[in-house]
Amino acid sequence: MLKKPMKHLLTVLAMTTAMVSAPTVATAAEKNASNIEQGKELAFSRSKGNCLACHAIPGGTIPGNIGPALIAMKLRFPEKSDLFDKIWGKPEKTVPYSMMPQFGHSGVLTDAEINKIVDFLYEL
Amino acid sequence: MKKTLLVALTVGATATANMVMAADMDPEKSRQQFVDYFKAKSPSIEFNDYGNGTYNYDADKMLQWQAAEEFPPYLDFIDAGEALWEKDKAVYENCFGEDVTKVRVMYPRFNEKTQQVETLEGQINQCRTDAKLKPFKWKKGDIANLSGYLAYQARGQKINVKIESEAAKKAFLAGQEYFVKPRGQFGLSCAECHVYNAGRRARGNILGPALGHTSHVPMYRAKWKALGTLHRRYEGCDKNMRVVPAKVQGETYKNLEFFQAYMSNGIEINGPGYRE
């Protein structure tokens with residue numbers, strides 16, 4: 001994994017070059033790749049999502065098993081927005097007595113951060 | 001309807017225990033259901049083995065733990081506790097009686113005169129200040145060593161907490177409420193980790209059963225490299241839940257200890273216990 005400042009620099013470079021040549025297409029692709037990487041960091045970080053405390057996630061070490069493994073997310077959540085709502089903690093998506101935190105509702109994660117985690121999980 | 005722990009758990013936090021009259025509540029029924037719950041969850045674990053906490057759920061860790069208990073790293077601390085007892089023996093005997101094997105098992109208890117739960121550590125310091133001695137610092141050091149010595153002397157006796165008045169029931173109920181009520185940013189409760197999800201892993205840690213939580217206190221933790229009190233552990237779990245912890249040896253944790261110890265009635269005292 002690239003170190004943060006380096007990655008940031010590369011992203012900025014990529015975006016500025018993209019801006020010059022083919023603004024829309026390249027920017028979107030590049031942005032998505034960096035969202036996935038940032039989403040992974042957020043999901044694995046103990047101070048942010050800390051999803052590994054409860055879920056096995058491909059690429060993560062020493063996961064907990066309080067919640068189900070987060071795999072085949074596209075199949076589980078054909079609508080990307082449903083996955084967002086689940087993590088955000090929309091009432092209709094919460095399971096009674098579940099330990100799954102309501103990350104958006106409780107303000108632990110911002111909507112932008114949850115979107116990045118969704119981008120990452122959607123690749124699994 | 002009798003309000004029991006499991007009813008409280010299933011009704012959830014919206015119907016808080018506050019709304020329930022203490023008169024409607026039967027602690028003994030709560031305890032029975034609690035024991036039955038763990039029996040149904042893990043039929044192969046013997047009742048008394050709940051004093052061994054999280055190690056019941058992992059055979060490898062159980063072996064490591066048994067090895068650790070054979071040459072326990074806490075013996076020096078127990079010796080230090082014995083020295084503390086001997087030093088102010090007359091004072092302690094005046095408060096707790098002459099038989100050191102009979103002290104641990106008296107606490108926690110509900111004092112009908114003060115209408116408060118008394119804990120062993122709380123009474124050690126009460127006893128000291130009444131005799132014009134300096135109180136120990138809470139959580140670790142002398143208080144944990146003296147408490148550890150008294151627990152060690154009491155090994156093999158069963159936890160036997162009594163609830164004999166409406167006021168004692170209320171204290172139990174307050175402890176139960178603290179135990180089941182979701183709190184903090186993550187909306188977690190003690191019960192979620194130590195009842196529903198006992199046996200599962202949170203990262204590398206296996207969540208231990210709440211049944212037997214008070215059998216082996218104070219505990220020696222490899223992480224602490226020393227003995228620490230039950231309330232120190234409460235504080236740690238509250239912090240992990242991202243909750244502002246209650247005051248150590250304050251009313252909230254005393255009620256919580258009273259509730260937890262009552263729920264563990266009948267389990268043998270095996271303190272101090274070795275934990276990771």
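In the text below, chain A, chain B and the rest are named by the order of the sequence lines, each starting its count at 1.
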(request) Name the option with the most non-hydrogen atom pairs under 4.5 Å to chain B; the candidates are A:P96, A:P63, A:A56. (result) A:P63
(message) What I'd like to find out is whether the side chain of A:M99 reaches to under 4.5 Å of the side chain of B:C193, using heavy atoms alone.
(response) yes
(request) Kindly check if the number of other-residue, nucleotide or ligand heavy atoms within 6.0 Å of NZ (B:K140) is above 12? (result) no
(message) Please find the pair of heavy atoms, one from A:I66 and one from B:A202, that lie closest to each other, and give the distance.
(response) CD1-CB, 3.9 Å
(message) With a sphere of 6.0 Å drawn around NZ of B:K39, does it hold more than 12 non-hydrogen atoms of other residues, nucleotides or ligands?
(response) no
(message) Quick check on B:K137: does its NZ atom have over 12 non-hydrogen neighbours (other residues, nucleotides or ligands) under 6.0 Å away?
(response) no
(request) Counting only heavy atoms closer than 4.5 Å, note whether B:L207 contacts chain A via side chain, backbone, both or neither. (result) side chain
(message) Does B:Q66, at its CD atom, have more than 12 non-hydrogen atoms belonging to other residues, nucleotides or ligands within less than 6.0 Å?
(response) yes
(message) Check this for me: B:E46, atom CD, are more than 12 non-hydrogen atoms of other residues, nucleotides or ligands nearer than 6.0 Å?
(response) no
(message) Taking the side chain as everything from C-beta on, heavy atoms only, tell me whether B:R203 gets closer than 4.5 Å to A:N50.
(response) yes
(message) When you measure from the side chain of A:N65 to the backbone of B:R201, do you find a donor-acceptor pair of N or O atoms at a distance under 3.5 Å?
(response) yes
(request) Heavy-atom pairs under 4.5 Å with chain B are the metric here; pick the option from A:A53, A:S106, A:P101 that has the most. (result) A:A53
(message) Quick check on B:R242: does its CZ atom have over 12 non-hydrogen neighbours (other residues, nucleotides or ligands) under 6.0 Å away?
(response) yes
(request) Could you grab the distance from atom CZ of B:F186 to atom SG of A:C54, nearest 0.5 Å is fine? (result) 9.0 Å
